[in-house]
K.L.:
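My structure is below; once you've seen it, I'll send some questions.
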Amino acid sequence: KEQLVGKGVDELWKKRGIAVAVRFKLGRCLALYQQTIRKDEGAKRRDTIETLRDVLRDIVSCVKFVNTWEVGVREEMYWAVYNSCVLALRLARWLRLHGFGGACVEALGRLA
């Protein structure tokens with residue numbers, strides 16, 4: 001209840017807004033990743049790899065977005081950075097197992 005007094009309200013809504021935006025973007029990335037690998041489990045189509053590269057770019061942009069905020073907000077958004085890294089590693093593993101490991105080096109380098 002103390003958070004809802006004065007400046008706390010603005011800070012609370014800012015954090016919630018960031019959380020909603022990040023959750024939406026990561027959810028979209030996960031859905032696109034799952035949909036893409038279900039359509040082409042053997043990685044035979046060229047657009048599969050391009051789509052997964054786009055998903056990696058979106059994950060990196062999500063982490064950059066979180067890192068643009070001040071320290072207090074970033075500390076509360078650690079879950080977003082963690083989930084982004086887990087999703088990127090999962091995607092990179094799939095690419096590596098199908099012979100496209102080089103496609104994820106740049107994104108993983110930026111997340112490290």
Side-chain angles (χ1 to χ4, degrees):
K1 291 182 179 179
E2 290 98 24
Q3 290 181 343
L4 298 177
V5 179
K7 291 193 297 188
V9 174
D10 293 336
E11 189 72 20
L12 180 66
W13 282 107
K14 179 169 53 171
K15 290 176 184 175
R16 284 186 181 173
I18 294 168
V20 166
V22 169
R23 201 171 279 131
F24 174 78
K25 185 129 183 178
L26 287 179
R28 180 187 165 281
C29 289
L30 178 62
L32 190 55
Y33 160 69
Q34 289 177 337
Q35 181 184 28
T36 302
I37 64 171
R38 282 191 188 136
K39 283 183 183 175
D40 187 18
E41 292 179 9
K44 304 283 187 216
R45 297 170 41 184
R46 180 180 170 99
D47 66 327
T48 297
I49 306 308
E50 291 173 3
T51 301
L52 294 178
R53 280 184 186 164
D54 291 341
V55 170
L56 278 172
R57 279 189 217 111
D58 287 346
I59 292 170
V60 170
S61 72
C62 186
V63 171
K64 284 182 181 178
F65 173 72
V66 170
N67 286 332
T68 60
W69 295 95
E70 57 270 1
V71 176
V73 175
R74 284 195 313 248
E75 286 177 356
E76 290 198 28
M77 295 291 132
Y78 76 92
W79 59 267
V81 175
Y82 175 79
N83 288 345
S84 298
C85 291
V86 169
L87 180 57
L89 289 173
R90 200 169 150 190
L91 201 152
R93 181 178 183 273
W94 190 89
L95 285 169
R96 185 178 48 83
L97 289 175
H98 289 86
F100 297 98
C104 55
V105 172
E106 181 183 346
L108 291 178
R110 289 185 183 190
L111 290 173

K.L.:
Would you say that Val60 contacts Glu106 through its side chain, given a criterion of any heavy-atom pair below 4.5 Å between the two side chains?
P.N.:
no
K.L.:
Checking Gln35 against Leu32 for the side-chain contact (heavy atoms from CB on, under 4.5 Å) test, could you report, in this order, the C-alpha distance in whole Å, the side-chain angles of both residues, the deciding distance, and whether it holds?
P.N.:
CA-CA 5 Å; Gln35 181 184 28; Leu32 190 55; 4.0 Å; yes
K.L.:
For the residue pair Leu56 and Ala103, what are the closest heavy atoms and their distance?
P.N.:
CD1-O, 4.2 Å
K.L.:
Same cluster for Trp79 and Ile18 if Ile/Leu/Val/Met/Phe/Trp/Tyr side chains link at under 4.5 Å?
P.N.:
yes
K.L.:
Can you pull out every side chain to side chain donor-acceptor pair (under 3.5 Å) where at least one residue sits in residues 40-55? Sequence neighbours excluded, please.
P.N.:
Asp40-Thr48, Arg45-Asp47, Arg46-Glu50, Asp54-Arg57
K.L.:
To the nearest 0.5 angstrom, please state how far the CD atom of Gln34 sits from the CG atom of Leu87.
P.N.:
8.5 Å
K.L.:
Please check if atom CZ in Arg74 has more than 12 non-hydrogen atoms from other residues, nucleotides or ligands closer than 6.0 Å.
P.N.:
yes
K.L.:
Hey, mind stepping through Asn83 and Arg23 against side-chain contact (heavy atoms from CB on, under 4.5 Å) and telling me if it holds?
P.N.:
CA-CA 10 Å; Asn83 288 345; Arg23 201 171 279 131; over 6 Å; no
K.L.:
Check for me, please, whether Leu108 and Leu95 land in the same ILVMFWY cluster - side-chain distances under 4.5 Å, paths through other members count.
P.N.:
no
K.L.:
For Ala88 and Leu111, which heavy atoms make the closest approach, and how far apart are they?
P.N.:
CB-CD1, 3.4 Å
K.L.:
Check Lys25 against Asp58 and note the closest heavy-atom contact, atom names and distance.
P.N.:
CE-O, 3.7 Å
K.L.:
Distance check, rounded to the nearest 0.5 Å: Met77 atom CE versus Phe65 atom CZ?
P.N.:
9.0 Å
K.L.:
Would you name the heavy atoms of Ser84 and Ile59 that are closest together and state the gap between them?
P.N.:
O-CG2, 3.5 Å
K.L.:
Can you name the nearest heavy-atom pair linking Lys64 to Arg110, along with the distance?
P.N.:
NZ-NH1, 3.3 Å
K.L.:
For His98 and Trp94, work out which heavy atoms get closest and say how close.
P.N.:
ND1-O, 2.8 Å
K.L.:
How long is the gap from CG on Leu91 to SG on Cys104, to the nearest 0.5 Å?
P.N.:
8.0 Å
